[in-house]
Amino acid sequence: MMTSLSTKEIANRLVARGKGIMAADRPRQPFEHMLAATGSSVHQDSYRDWSELLFTAPALEDYVSGIIMTDEQTRMTSAAGESLLERVIDRGMIPGISPFTGMVELAGSCGETVGSGLDGLRERLAEYAAMGVGFSKWRAALQIGPHTPSEYAIAANTYVMAQVAALSQEAGIAPIVEPEVMLVGDHTIERCFEITERVLRRTFEALYLHRVELAGTLVKASMVVSGNQCPHQADVDTVAEMTVEVFRRGIPAAIPGIVFLSGGQSDYHATAHLNAMNANYQLPWKLSFSYARALQREPMQIWRNQPENAPAAQASLYHRAKMNGLAAIGQWSEALESEALAT
Ligand code: 13P
C-alpha cells in the first residue's frame, strides 16, 4: 500500500537519530558470485534465503530505518510464502528501490560508465510507490585516474541521477543520489578531495536544473579517503576533517542527510570514520550510513549458506548496525567493539 508520507518526511525518517540504511540491493548474479567466493554452495533459493535472513534479522529496526532492495527482492516471498517487502514495512522500516538495471560504457569514453534503466522508469516508479516503496537510490561510479573522471562522465552521470531524482519525487518517492568517487587507485587524499568537490558541485547543478526539491532528497556519498593503493594512508581524523570540509563546500544545508556508502573500506574504518565526523563537528545535515559490505561482509562469512548459521549471521548484522547507529550520533568507541566480541 502506498505510503502517506511526503518525500520530505521520508527523507527525514531515513536519517532519524541513531539510524541508517542497509543497502541490500546486490542483484542475484553478483550475489551468487560473492557467495561462491566464500566457498559456499549456491542454489536456486540462496538469494531468497539471504534476503530473508537480512530483512527479518531480530530488532534490526532499532538501528536501521530503511532497506534498499532490488526489483526481484520487492516481489519476493519468504520460505513461508509471505511478502518480504510487507514484512519490512510492518517492522517500521522503509523499503527502497534501486531501479537501475546495470552499468553501461559511455560511448566515446575510455571505459567510463553510466547507469542504465531510465526506460519506462516513470511507470515503474509509480508501481513501486503503489507497493509501498518510499525511496529510490541511483549510483554513479566515478573512477579516479590520471585523466578521469572526465567532465563528460561527470556531466552524463549527474544528469541521469538528477532525472531519476525528479521522476522519483513525481511518484512521491524520496530520491537518494549517489555520486560515488571510488577509492580504488593510488591517488592521494588531496586528489580525492578535489574530485569529490567537483562531482558534488556538478551534482547540485544538475539537481537544480531538474527542479529537484532538496528537502526531500538524500545524498549517498563516498568519504574523502586515500586511494586504496596509495602508499600514504590518511588517518581517521584527517578523513573526517576533509570529508566534512568537502561537504560544507558542496552540499547545501537544505539536504536533510548524507548517508555514506562503505565502498570497500574495512568494517572498522567505515564505523570509525562516521563516528569521528559526528563526534567532532557541528553539521547542518545528519550524517549516517547506507552500507552494504560494511554491514553484510561478516554476516555472509558466518552464514555460508547453512540454515543453522542464520541466527549467528543475524546477530552479527545487528551488531554492525548497532555500531554504525552509535557512530551516527558520535557515541561509538573501540571499547564497544571489543566488549561485544568478548561476549
Ligand atoms: P557498499 O557499502 O558496499 O559500498 O555498497 C553501497 C551501495 O551503494 C550498495 O547499494
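The chain is numbered in sequence order, starting from 1. Counting convention: from 1, in listed order, for ligands and their atoms alike. Keep in mind the model is a prediction, meaning the values are calculated, not measured.
Aromatic ring orientation, Phe247 versus Phe260: parallel (interplanar angle below 30°, classes split at 30° and 60°).
Salt-bridge formation is detected for the pair Glu82/Arg87: a Lys NZ or Arg NE/NH1/NH2 atom is positioned less than 4.0 Å from an Asp or Glu carboxylate oxygen. Ionic pairing of Asp62 and Lys322 is not present here: no N-O contact between side-chain nitrogen and carboxylate oxygen is shorter than 4.0 angstrom. Between Arg201 and Glu205 there is no salt bridge, since no side-chain nitrogen of the basic residue lies less than 4.0 Å from a carboxylate oxygen of the acidic one.
When only non-hydrogen protein atoms are considered, atom 1 (P) of ligand 1 lies nearest to Ser262 OG, 3.3 Å. Protein heavy atom in closest approach to atom 5 (O) of ligand 1: Ala292 CB, 3.3 Å. Of all protein heavy atoms, the one lying nearest to atom 3 (O) of ligand 1 is Arg293 NE, 2.7 Å. Scanning all protein heavy atoms for the shortest distance to atom 9 (C) of ligand 1 gives Asp25 OD1, 3.4 Å.
Heavy-atom contacts of Gly263 reach the following atoms of ligand 1: 1 (P), 2 (O), 4 (O) (cutoff under 4.0 Å). Near Glu178, the atoms of ligand 1 lying under 4.0 angstrom from a non-hydrogen atom of the residue are 7 (C), 8 (O). The contact set between ligand 1 and Ala23, taken as ligand atoms under 4.0 Å from a residue heavy atom, comprises 9 (C), 10 (O). Under a 4.0 Å criterion applied to the non-hydrogen atoms of Tyr291, ligand 1 contributes the atoms 2 (O). For ligand 1, the atoms sitting less than 4.0 Å from at least one non-hydrogen atom of Lys137 are 7 (C), 8 (O), 9 (C), 10 (O), numbered in the order shown with element in parentheses.
Not one N or O on the side chain of Glu197 forms a donor-acceptor pair closer than 3.5 Å with the backbone of Glu194.
Ser46 and Asp49 form no side-chain donor-acceptor contact under 3.5 Å, judged by distance and modelled atom types alone. Inspection of the Glu180 and Ser222 side chains reveals no N or O donor paired with an N or O acceptor under 3.5 Å.
Distances from atom 6 (C) of ligand 1 to the heavy atoms of Lys220, Met22, Gln265 put Lys220 nearest.
Note that CD1 of Ile258 and CG of Leu200 are 8.0 Å apart. Values are rounded to the nearest 0.5 Å.
When non-hydrogen atoms are compared, ligand 1 lies under 4.0 Å from neither the backbone nor the side chain of Glu180.
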